[in-house]
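Accompanying notes for the structure given below.
Count residues from 1 along the sequence.
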Amino acid sequence: MKKRAFADVLRTEWDGQVERIDPMTMPMMRLVNTALDGVSVEPQAVKEDIVRFAGTDMLCYRADAPQGLVDRQRLQWDPVLDWAETRLGARFVLAEGVMHVAQPAESIAAFGIHVGGVNDPLELSSLHVVTSLTGSAILAMAVLMGQLNCDEAWTKAHLDEDWNIEQWGRDEEAEARRAHRYKDMQAACLVLEAAA
């Protein structure tokens, strides 16, 4: 079933190529190519990169104001961090602002054990894509393990951006970039959710 879903997406992407092949309109094809040509050759480097992300995970860096944003981050992100502590054995330290805070070595090691267990190149590629697009290895792992779906992870990852849109209005260029990244997210999530 899983392979059929991927094949259907790939077929749809190829069917959409009319006058010329445009890889930018083919997120699943790019993901498969990355898995085959890169990740399958150097899986350990990809795993290490994901674990490094966890050391500076977006969910750990909180606003100190305004209170509405502080509350929203707490309500949306704390349950994911609680899940990571309970399910992964990784307790992450929070910081206000952007000053780096070192995460406990034992938490990073515990998180690394779970990343280390991802051996399928396509799943590992997808985990890396979701990590990169969200700025959160924790959110990516939550999708892989079935704790969050794609839309939930995407919404949590864009909490700050959405707050700013509510305050200051929309930016068409930023929305176009976000829509393009979301297509990549959907392709990667299809793989992760099938693995969950």
Side-chain angles (χ1 to χ4, degrees), residues 1-13 23-60 76-90 92 107-108 110-159 161 177-196:
M1 186 64 164
K2 173 169 108 170
K3 291 179 183 177
R4 177 60 188 257
F6 302 152
D8 289 345
V9 171
L10 287 169
R11 186 184 70 239
T12 301
E13 287 182 356
M24 295 311 293
T25 64
M26 304 173 75
M28 183 62 78
M29 190 69 214
R30 289 195 320 274
L31 186 60
V32 169
N33 287 340
T34 299
L36 292 173
D37 297 338
V39 175
S40 66
V41 177
E42 293 283 341
Q44 190 57 38
V46 177
K47 291 178 183 185
E48 289 170 4
D49 195 44
I50 294 167
V51 173
R52 267 192 302 275
F53 255 96
T56 57
D57 201 281
M58 175 195 71
L59 300 185
C60 299
Q76 292 292 317
W77 294 351
D78 284 3
V80 180
L81 293 174
D82 292 344
W83 169 83
E85 183 172 4
T86 302
R87 177 66 176 83
L88 307 177
F92 290 90
S107 294
I108 297 301
F111 190 85
I113 289 169
H114 295 281
V115 173
V118 181
N119 295 310
D120 179 88
L122 187 56
E123 290 173 15
L124 187 57
S125 296
S126 299
L127 188 67
H128 191 267
V129 165
V130 174
T131 297
S132 299
L133 289 172
T134 63
S136 174
I138 301 168
L139 287 175
M141 188 60 71
V143 173
L144 174 64
M145 299 181 93
Q147 178 66 21
L148 296 174
N149 67 35
C150 189
D151 289 337
E152 290 168 335
W154 185 256
T155 298
K156 290 178 189 309
H158 291 84
L159 186 150
E161 184 179 327
R177 285 191 302 272
R178 182 169 166 170
H180 181 74
R181 289 192 321 270
Y182 184 62
K183 290 178 182 176
D184 291 336
M185 178 83 168
Q186 287 177 306
C189 284
L190 179 65
V191 174
L192 295 183
E193 290 172 348

ask   = Under 4.0 Å between a Lys/Arg side-chain N and an Asp/Glu carboxylate O for Arg11 and Asp8?
value = yes
ask   = With a 4.5 Å heavy-atom cut-off, do Phe111 and Ile138 have their side chains touching?
value = yes
key: Contact summary for Ala54 and Ala137, nearest pair of heavy atoms   = N-CB, 3.9 Å
query = With distance as the sole test, does Glu123 use its side chain to make a donor-acceptor pair with the main-chain N or O of Val118 at under 3.5 Å?
reply = no
remark   = Between Ala188 and Ser126 the two heavy atoms that sit nearest each other are O-CB, 3.4 Å
request  = Could you tell me whether the side chain of Leu59 reaches within less than 4.5 Å of the side chain of Phe92, counting heavy atoms only?
outcome  = no
note = The single option from Thr34, Ile50, Asn119 that satisfies side-chain contact (heavy atoms from CB on, under 4.5 Å) with Leu124 is Ile50
Separation of Glu152 CD from Gln147 CD (nearest 0.5 Å) = 8.5 Å
remark   = Nearest heavy-atom contact between Cys150 and Glu193 is N-OE2, 2.7 Å
inquiry  = Just verifying a value: how many Å separate Met141 CE and Leu192 CG, rounded to the nearest 0.5 Å?
reply    = 9.5 Å
task = Please collect all ring pair (Phe, Tyr, Trp, His ring centres under 6.0 Å) contacts where either partner lies in residues 118-158, sequence neighbours excluded, each pair once.
result = Trp154-His158, Trp154-Tyr182
message = Ignoring hydrogens, what is the shortest heavy-atom contact between Met185 and Ala153? Give both atom names and the distance.
response = CE-CB, 4.0 Å
request  = For the residue pair Met29 and Asn33, establish whether any side-chain heavy-atom pair is separated by less than 4.5 Å.
outcome  = yes
Contact check, side chains of Cys189 and Val130, non-hydrogen atoms, under 4.5 Å = yes
inquiry  = Side chains of Val51 and Ile108, heavy atoms from C-beta outward: is any pair under 4.5 Å?
reply    = yes
note = OG1 (Thr86) and CG (Leu81) are apart, to the nearest 0.5 Å, by 10.5 Å
ask   = Does the side chain of Leu88 come within less than 4.5 Å of Trp83's, by heavy atoms?
value = yes
Heavy-atom side-chain contact between Met145 and Arg87 under 4.5 Å = yes
ask   = Do Val191 and Met28 come within less than 4.5 Å of each other through their side chains, counting heavy atoms only?
value = yes
remark   = Here the gap from Gln76 atom CD to Thr155 atom OG1, rounded to the nearest 0.5 Å, amounts to 8.0 Å
ask   = Of the non-hydrogen atoms in Arg181 and Leu133, which two are nearest, and what is the gap between them?
value = O-CD1, 3.6 Å
message = According to side chain to side chain donor-acceptor pair (under 3.5 Å), does anything in residues 129-145 pair up with another residue at least two apart or in another chain? List the pairs.
response = Asp57-Ser136
message = Can you give me the closest heavy-atom contact between Ala90 and Ser107, atom names plus distance?
response = CB-O, 3.4 Å
